[in-house]
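Quick notes on the structure that follows.
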Protein chains: 2
Amino acid sequence: MLQGRNIALVEDDEIMGASLTDRLELEGARVTWFKTFGRALGGLRTPLRPFDVVLCDIRLGDGSGEDLFLRLCDHGTPPPFLFMTGQATADQAVRLLRSGAADYLTKPFDMAALLARLGQIISPVSAVGSALVFGPSQAARALETQMVQIALSDGPVLILGETGTGKKAAARHIHGLSDRRAAPFVAVDLSRTDAAGQENLLFGADGALQRVQDGVLVIERIGDAATQVQARLVQTIWDSQTRGARIMVTDTDEPRLRAVLRPDLFYHLNMLVLTIPPLRQRPEDIGWMLARLFDGMNARRAESLKGISLPAEDLALRHDWPGNGRELRGRLARAMAIATGDMILPAELFPEKISEGEGEFSTLAEAREQAERFQIERALARTGGGVSEAAKLLQVSRTTLWEKMQKLGLSG
Amino acid sequence: MLQGRNIALVEDDEIMGASLTDRLELEGARVTWFKTFGRALGGLRTPLRPFDVVLCDIRLGDGSGEDLFLRLCDHGTPPPFLFMTGQATADQAVRLLRSGAADYLTKPFDMAALLARLGQIISPVSAVGSALVFGPSQAARALETQMVQIALSDGPVLILGETGTGKKAAARHIHGLSDRRAAPFVAVDLSRTDAAGQENLLFGADGALQRVQDGVLVIERIGDAATQVQARLVQTIWDSQTRGARIMVTDTDEPRLRAVLRPDLFYHLNMLVLTIPPLRQRPEDIGWMLARLFDGMNARRAESLKGISLPAEDLALRHDWPGNGRELRGRLARAMAIATGDMILPAELFPEKISEGEGEFSTLAEAREQAERFQIERALARTGGGVSEAAKLLQVSRTTLWEKMQKLGLSG
DNA sequence: GCAGAATGTTCGGATTTCCGAACACGGCGT
DNA sequence: ACGCCGTGTTCGGAAATCCGAACATTCTGC
């Protein structure tokens with residue numbers, strides 16, 4: 001899970017430090033262990049390579065982890081800090097979290113818990129290793145290697161995946177990895193026009209094939225290709241085996257293509273296939289995508305947000321994401337646009353789940369209470385705040401009205 | 001420091017609560033004190049005016065503050081929460097802060113410290129309110145997100161809402177959010193003419209459909225459409241699926257339309273529906289609308305007014321607003337025209353109320369009964385008449401529900 | 001500063017509401 | 001016929017609500 005990550009460990013206890021180092025290295029991380037405050041300050045200020053996260057004990061022989069963090073903040077932006085301490089106090093936890101620490105664990109803790117928290121924190125854009133495109137899940141990594149292989153070869157490519165899974169992004173990534181990367185990248189969407197439009201879009205005087213030269217031409221929704229367009233595409237692909245552009249096509253699923261495409265076209269396209277699984281089949285990637293997109297959008301904000309609240313992330317991980325990555329990006333963008341606090345709350349990511357939709361139905365007691373509140377307000381307004389008179393209007397005893405006002409919080 | 005801020009206090013300890021209330025009110029805040037979990041849940045879910053911050057004890061007799069916060073998150077976006085507790089644990093602090101709480105204090109604390117933290121939480125809030133259209137209430141925010149979604153899609157839209165709720169404004173806002181925003185926006189009101197007039201207004205040589213091109217055509221009071229106009233509208237909408245204008249229609253309520261429109265027309269329109277709740281169902285928005293309109297009108301005045309007096313605002317918050325936003329705008333305009341002092345007084349906003357206490361006023365029992373009847377009817381409608389299930393929805397025993405149905409005459 | 005009124009608050013008992021348990025009845029599938 | 005399920009109905013006790021009485025406190029007009 002922590003493959004290739006750089007982790008700094010600041011810990012003065014030999015036993016603790018050794019056991020943590022062991023375990024983290026077992027997970028594939030590269031651990032740098034600082035045993036004193038002084039060493040840590042130096043090592044973190046001018047790191048040999050950037051750390052993805054700092055695991056920091058608070059009580060050190062020659063200083064405190066808190067101090068370390070604050071000193072580093074004075075000189076720049078330190079990596080995310082995860083504090084661990086045996087003498088935990090709530091005040092300290094609050095102080096640290098509010099000054100930007102990523103997390104705070106009380107010793108003794110479960111190693112599994114630590115790893116889970118590390119996973120949430122670790123910066124999604126790793127400086128080393130292959131830059132992730134789809135995520136850290138097994139499936140996503142398999143995609144990466146497939147893309148590399150496809151980039152090394154040079155035939156037509158078929159990219160399959162539900163709406164919003166990032167088919168075009170995959171195409172662009174392959175293009176970037178290949179030796180055509182300097183050449184143009186052109187994408188056309190066949191579902192947007194009719195037969196004549198498609199033909200013009202692709203083969204016209206100013207069409208995609210003219211512009212793409214020896215770059216990559218991506219044809220989206222190939223399943224919508226009209227018959228005569230399919231015919232010309234077969235010819236084009238045949239030509240492109242020897243020279244010209246590389247053709248990539250995308251669509252949602254294979255059965256559809258098998259049914260709707262000319263057999264020979266389908267055969268040509270079916271050589272190099274990249275199938276992107278929907279987000280719901282690789283839930284490990286959801287948190288990662290959220291974090292990566294959040295960081296990106298947050299950087300472009302006037303006043304930056306602190307993060308995504310735990311309940312909100314929980315909901316996101318459980319959500320079905322029928323619109324996959326596109327939906328995720330959209331939801332996050334909207335949430336960040338309407339966010340009021342400094343964290344994104346569940347209702348901001350999933351407003352429709354909250355507001356009446358289907359879900360909640362207010363109980364009789366709630367409805368009654370609301371009605372009472374409202375009527376009492378009105379009565380008080382009419383009497384200008386006079387309780388006795390309002391009680392007369394409402395035809396209850398003054399005592400009862402007083403009691404209700406207490407209950408409903410209307411006596412302030 | 002806290003002048004005019006609304007603070008909710010959730011605290012079961014009498015002494016603590018009283019002293020906090022005193023001190024905060026001394027600072028100019030309006031404090032609403034909830035002494036139990038249950039009452040806080042009710043009061044915070046449907047607040048009379050939005051709270052700027054919630055000061056919340058964690059250990060309550062009938063629940064926990066943490067629970068309260070999470071429950072509120074399930075139903076919307078709660079105000080910033082500042083937790084206070086005597087039994088602080090670091091784990092709890094971390095969990096709460098990462099769930100979106102604004103701050104966490106351990107008792108006993110310095111009052112000065114509390115005020116400082118409150119100041120940090122509250123001060124940035126005043127900047128909110130730039131992008132809002134209908135107001136800051138939960139319901140209004142749900143509308144915003146719905147409008148965004150509608151703007152992203154492209155079918156006919158049905159906008160429902162009482163008179164004066166701002167249906168046309170909503171249509172214009174959707175138009176502004178959509179990619180047609182550069183195209184014309186044309187509105188026609190069907191209730192103003194007879195059948196021939198309607199036809200001419202819409203389809204005539206210089207009619208709305210001619211002028212609107214590929215923009216947005218708003219048809220107000222669609223329920224007044226004559227039969228032959230309805231027929232032509234079905235055709236128009238059918239055409240507009242592929243090209244031409246986007247149609248939006250407005251009316252007051254759905255049952256009316258269902259009864260008076262051709263079924264196929266109703267079906268076409270009923271795909272994208274935006275229902276604007278009346279102002280009285282979202283009282284939090286009243287203050288906001290007043291302030292916004294006041295600022296706007298004040299800027300256009302020769303000699304500017306200082307504001308709306310507190311009693312006047314109080315009255316406004318409690319008023320029923322049968323004419324919704326339009327009435328509010330009207331009253332405010334009149335008040336500003338006849339204002340003599342430098343603040344708007346209650347009598348200027350509600351001249352008729354001051355002169356004499358008008359008309360009937362329903363008692364608490366009546367209001368309660370009405371609310372119960374309404375809610376029971378809704379529950380029965382949802383369950384298709386199932387009494388047991390409805391009782392579960394309403395969270396009363398089957399016996400009680402039956403008893404109430406007898407009393408309210410709902411069993412026939 | 002004083003009388004009188006309105007409000008804040010408590011208390012005990014009358015009344016109402018609410019609930020669960022029970023029983024009868026009528027569909028409904030098998 | 002038979003369970004099975006939901007409904008209509010009654011009943012007794014537990015829990016709440018409501019009320020008036022009472023008293024302290026605060027406000028208000030004079």
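Per chain, numbering begins at 1; letters A, B, ... match sequence-line order.
- B/Lys404 has no side-chain polar atom (N or O) that falls below the 4.0 Å cut-off from OP1 or OP2 of C/dT17.
- A side-chain donor-acceptor contact under 3.5 Å links B/Asn324 to the backbone of B/Leu279.
- Contact between the side-chain N/O atoms of B/Gln406 and the OP1/OP2 oxygens of D/dG8 is not found at any separation under 4.0 Å.
- If you measure from atom NZ of B/Lys392 to atom P of C/dG20, you get 13 Å, rounded to the nearest angstrom.
- Interface remark: the B/Arg398 side chain does not form any donor-acceptor pair with the C/dG20 base, using a distance-only criterion of under 3.5 Å.
- Remark: P of C/dG20 and CG of B/Leu401 are 13 Å apart, rounded to the nearest angstrom.
- For the pair B/Gln395 CD and C/dG20 C1', the computed distance is 17 Å after rounding to whole Å.
- Atom CD1 in A/Ile376 sits about 13 Å away from atom P in D/dT17, given to the nearest Å.
- The aromatic rings of B/Phe51 and B/Phe34 sit perpendicular to each other, their planes meeting at more than 60°, with 30° as the lower class boundary.
- A donor-acceptor pair under 3.5 Å is formed between the side chain of B/Arg331 and the backbone N or O of B/Leu349.
- Between D/dA16 and A/Arg368, no contact under 4.0 Å exists linking OP1 or OP2 to a side-chain N or O.
- Distances from the side chain of A/Ser397 to the nucleotides C/dG20, D/dC19, D/dT7 place D/dC19 closest.
- A salt bridge is defined here as a Lys NZ or Arg NE, NH1 or NH2 lying under 4.0 Å from an Asp or Glu carboxylate O, and A/Glu369 with A/Arg373 meets this definition.
- When the nearest nucleotides of DNA chain C are assigned to A/Gly386 and B/Lys407 by heavy-atom distance, the more 5′-ward of the two goes with A/Gly386.
- Residue contacts shown for A/Ser388 are limited to sugar-phosphate atoms, with no base heavy atom under 4.0 Å away.
- The base of D/dG20 is paired with the side chain of A/Thr399 by a donor and an acceptor separated by under 3.5 Å.
- Of the charged side-chain nitrogens involved, none lies within less than 4.0 Å of a carboxylate oxygen, so that A/Lys407 and A/Glu372 do not count as a salt-bridged pair.
- The shortest distance between the side-chain N/O atoms of B/Trp402 and the OP1/OP2 oxygens of D/dT7 is not below 4.0 Å.
- Summarising the geometry, the separation between CD on A/Glu403 and C1' on C/dT7 is reported as 16 Å, rounded to the nearest angstrom.
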